[in-house]
Amino acid sequence: MSALDEVDLHLVEGVGDVLNFEDWLQRGPMRHGLMAIDTETTGLSRRTDHVRLLQMGDGTDGWAMAWDRWSGLLVDVLTRFNGTILMHNAPFDQPMIAKMGVEIETSRIQDVLPLVKMLEPHLPAKLKKAAARHVDPQAGSAQKELDAAIAKLGWAGVPIEFEPYWMYGALDPVLTFLLRQALQEHVREDEAFQHGYDVENSVQWILSRMTDKGIPVDVEYAREQREKITRYSATAYDWCVKEYGVKPGSNAAVVERLMRDGWEFAKRTETGAWALDKEVLEEIDHPLAQTVLRRRQLDKIGSTYLDHYIDHNREGRVHPSINPMGARTSRMSVSSPNFQNLPRVSEDNPAATIVRNCVVAGQGKVLLFCDFSQIETRLLAHLSQDPGLIGAFHLDEDFFVTLARQVFKDPTINKKDQRRNAIKTWVYAKIYGAGLEKLAKTLGMSTAEMRQFDDSITAAYPGIRSFQLQIQTLAIRRAREEGVPYVVCPMSGRRHVADRGKEYALVNYLIQGLAAFFFKKKLLELDAAGLGEYMILPVHDEIILEVPVEQAQWAVQILIDVMNDADTFRVPVAAEVSYGYRWGEKKDWSTWSD
DNA sequence: ATGAGTGGCCAC
DNA sequence: AAACGTGGCCACTCAT
């Protein structure tokens with residue numbers, strides 16, 4: 001029998017329905033202090049759209065109510081009910097409901113979406129898909145009929161009385177309720193998981209506030225720079241066509257033209273075409289190649305960043321969306337634009353300075369930056385428990401210099417030494433799960449040399465290899481016994497699941513995932529310490545704030561106190577603070593004078 | 001026109 | 001024995 005056969009779905013249309021609804025409310029949610037809520041809205045924009053239908057439910061009943069018609073009742077119920085509210089993707093629904101006049105305290109909300117992502121990071125987390133796995137295979141089966149109607153009439157055009165619309169609306173809170181129940185079974189006793197879930201469930205609201213606050217941008221400056229780029233791009237395009245009969249954006253055409261001028265190509269793309277990437281173009285001393293490269297770089301910057309600064313901002317601020325668990329490791333991701341991948345400022349990249357300098361603190365404010373140093377390497381030391389690595393992080397000198405001196409038994413090695421650099425590359429390769437071949441190539445060694453190098457480092461820090469081995473063995477065993485190759489994060493209790501045959505990647509998932517989780521915990525601490533309203537953007541292991549100048553000193557002290565942490569792991573975690581009025585002009589905090 | 005796939009490139 | 005991880009997003013081509 002299908003789990004949903006027992007469920008009753010209702011559309012509240014008259015007084016009789018209201019009485020039945022009230023009866024259910026008393027028997028169920030009010031008594032158990034638990035219910036699920038969902039909304040159907042006119043669209044997806046938090047700013048311009050609103051709630052059309054609000055649905056409530058538990059494991060047995062789902063109720064759909066048109067907001068316009070029943071707003072009085074709905075406001076009353078939402079205010080009266082003070083138990084726990086389950087939602088799926090609460091950062092979407094809660095603000096929508098708040099817009100309608102009811103502010104549900106976020107501390108009472110338990111979002112089921114993070115629960116799904118923590119347990120099944122490799123599977124679709126959408127409500128209907130997840131419910132199809134855990135509640136009833138039929139959970140999403142009649143979606144097609146609704147989709148067809150939506151395609152014809154648009155979201156806001158489907159009448160509320162249209163059965164597939166309200167029924168599937170009313171079903172959603174029921175699925176949310178049952179999905180949560182099913183998943184909780186697995187983790188009820190799991191303390192780490194409960195902690196992990198708490199963090200994920202809470203940190204969403206801090207991130208959501210960052211999106212609302214937005215990033216301050218110098219729109220005039222962005223516009224000037226964009227115009228320059230557009231002019232250059234058009235000129236370069238015309239020039240390529242006129243001089244070489246080639247469109248600079250067409251790689252195939254450019255390669256063909258360059259071949260005619262006698263240039264030879266060696267590197268292929270994945271599908272076998274001649275590669276024409278930055279590396280290749282830089283090697284070709286030909287005006288066409290150089291123009292293609294320069295135009296490509298500038299166009300990318302103009303369209304990917306500057307356009308967002310100019311077109312998608314309100315009152316000088318852009319509002320990127322932040323996905324709290326965007327990556328399979330539950331790292332956060334940022335989009336529209338992706339502020340986590342602004343080009344870094346370096347000598348040979350003046351355009352990067354432009355992109356970063358468009359971000360500018362408002363009047364009387366300053367940007368603060370606080371980032372962990374070498375967090376992933378520290379976590380490698382912590383997780384592998386290798387005594388040598390742990391010891392090296394307790395010394396007051398450069399970590400990789402220490403390693404190089406130990407491995408090569410040469411105390412004169414300094415920061416500029418090639419061997420220090422090689423070890424650093426080696427360590428990161430281990431964190432990423434690179435193989436010997438790949439590593440040899442990056443370091444420009446032969447495979448034989450690499451093997452020797454690898455052996456000598458491994459001999460000094462045997463914990464790394466045994467850690468990798470242990471993870472893989474565990475994952476492979478779990479795949480055999482439970483069908484899925486996974487490991488569990490010791491701090492958050494979340495699962496990391498490998499693609500089959502890529503169990504080695506779990507080492508990276510654990511490190512990256514633990515770093516991401518630890519960072520989220522720190523965001524919560526910073527919020528609790530009073531910095532919540534100033535945080536504007538997370539960048540993996542760095543938090544950016546916009547703070548009134550008078551409060552900078554105070555904020556920095558909190559950052560230093562919170563982000564430095566000697567107690568949590570087997571190695572201390574260190575953080576660094578810098579500041580700047582523009583992002584591209586970041587300076588060390590020690591140079592601050594007010 | 002729209003969408004999927006490809007190639008490319010930026011960050012941590 | 002052997003495997004460099006996670007993302008977003010753009011211009012382009014080729015298909016419908």
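Below, chains carry the letters A, B, ... as their sequence lines are ordered, and counting in each starts from 1. Values reported hereafter were calculated over all heavy atoms of this structure, with side chains retained and with hydrogens, waters and symmetry mates removed.
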Worksheet item: dC4(C) and dC12(B): how far apart are their P atoms, nearest whole angstrom?
Response: 22 Å

Worksheet item: Using the benzene-type ring in the case of Trp, are the ring centres of F467(A) and H382(A) under 6.0 Å apart?
Response: no

Discussion item. Measure CD/E437(A) against C1'/dC4(C) and give the value in whole Å, please.
Written reply: 13 Å

Practice prompt. Looking at every strand, decide which applies to Q340(A) at a 4.0 Å heavy-atom threshold: base, sugar-phosphate, or nothing.
Written response: sugar-phosphate

Item to complete: Indicate whether any N or O donor in one side chain lies under 3.5 Å from an N or O acceptor in the other, for K521(A) and H195(A).
Response: yes

Worksheet entry | Residue K278(A), side-chain atoms from C-beta onward, closest of dC12(B), dC9(B), dG8(B) | dC9(B)

Discussion item. Tell me if the CG atom of D285(A) is crowded by more than 12 foreign heavy atoms within 6.0 Å.
Written reply: no

Worksheet item: Can R494(A) and S492(A) be counted as having a side-chain donor-acceptor contact under 3.5 angstrom?
Response: yes

Discussion item. From CD of Q468(A) over to P of dG5(C), roughly how many Å is that when rounded to an integer?
Written reply: 13 Å

Practice prompt. Give a yes/no on whether any side-chain N or O of S303(A) is located under 4.0 angstrom from OP1 or OP2 of dA11(C).
Written response: yes

Discussion item. Among dG5(C), dA11(B), dG8(C), which nucleotide has an atom closest to any side-chain atom of R331(A)?
Written reply: dG5(C)

Response to the item:
Of dC4(C), dC10(C), dG7(C), the nucleotide closest to the side chain of Y504(A) is dC4(C)

Discussion item. I'd like to know if D454(A) and R465(A) make a salt bridge, using a cut-off of under 4.0 Å between side-chain N and carboxylate O.
Written reply: yes

Response to the item:
Regarding the side chain of T304(A), the nearest nucleotide among dG8(C), dT6(C), dC10(C) is dC10(C)

Worksheet entry | N-O pairing of K424(A) and D398(A) below 4.0 Å | no

Item to complete: Would you mind telling me which of dC12(B), dA11(C), dG7(C) lies closest to the side-chain atoms of R328(A)?
Response: dG7(C)

Worksheet item: Does a side-chain N or O from R344(A) land closer than 4.0 Å to OP1 or OP2 of dC12(B), or not?
Response: yes

Practice prompt. Would you indicate what V507(A) reaches in the nucleic acid, counting non-hydrogen atoms under 4.0 angstrom: base, sugar-phosphate, or nothing?
Written response: nothing

Practice prompt. Name the nucleic acid region contacted by A352(A), choosing base, sugar-phosphate or nothing; use a 4.0 angstrom heavy-atom cut-off, strictly under.
Written response: nothing

Discussion item. Rounded to whole Å, how long is the line connecting atom NZ of K267(A) with atom C1' of dC9(B)?
Written reply: 11 Å

Worksheet item: Nearest-Å distance, CG (D307(A)) to P (dC9(C))?
Response: 13 Å

Fill in: Nearest-Å distance for atom pair CG/P, residues D454(A) and dC4(C)
14 Å

Worksheet item: When all nucleic acid strands are considered with a 4.0 Å heavy-atom cut-off, which category describes Y509(A): base, sugar-phosphate, or nothing?
Response: sugar-phosphate

Fill in: Any N/O donor-acceptor pair, K300(A) side-chain to dC10(B) base, under 3.5 Å
no

Worksheet entry | Flag if over 12 foreign heavy atoms under 6.0 Å of NZ, K129(A) | no

Worksheet item: In terms of side-chain heavy atoms of N508(A), which of dA3(C), dG5(C), dC12(B) is nearest?
Response: dG5(C)

Worksheet item: Under 4.0 Å between a side-chain N/O of H308(A) and OP1 or OP2 of dC10(C), yes or no?
Response: yes

Practice prompt. Please report, rounded to the nearest Å, how far the P atom of dG8(C) is from the CG atom of L537(A).
Written response: 14 Å

Discussion item. Checking contacts here: which listed nucleotide (dC10(B), dC9(B), dT13(C)) is nearest the side-chain heavy atoms of S250(A)?
Written reply: dT13(C)

Discussion item. Of the options dG8(C), dC12(C), dT6(C), whose atoms approach the side-chain atoms of N341(A) most closely?
Written reply: dG8(C)

Item to complete: Name the nucleic acid region contacted by G435(A), choosing base, sugar-phosphate or nothing; use a 4.0 angstrom heavy-atom cut-off, strictly under.
Response: base

Item to complete: Provide, to the nearest angstrom, the distance between the CG atom belonging to L276(A) and the C1' atom belonging to dC12(C).
Response: 13 Å

Response to the item:
Closest to the side chain of Q472(A), out of dG8(B), dA3(C), dT6(C), is dA3(C)

Discussion item. Return whichever of K247(A) or S333(A) has its heavy-atom-nearest nucleotide of DNA chain C closer to the 5' end.
Written reply: S333(A)

Response to the item:
In whole angstroms, the gap separating C1' of dC9(B) from CG of L342(A) amounts to 14 Å

Fill in: Proximity to the side chain of H540(A) - top-ranked nucleotide from dT6(C), dG8(C), dC12(B)
dC12(B)

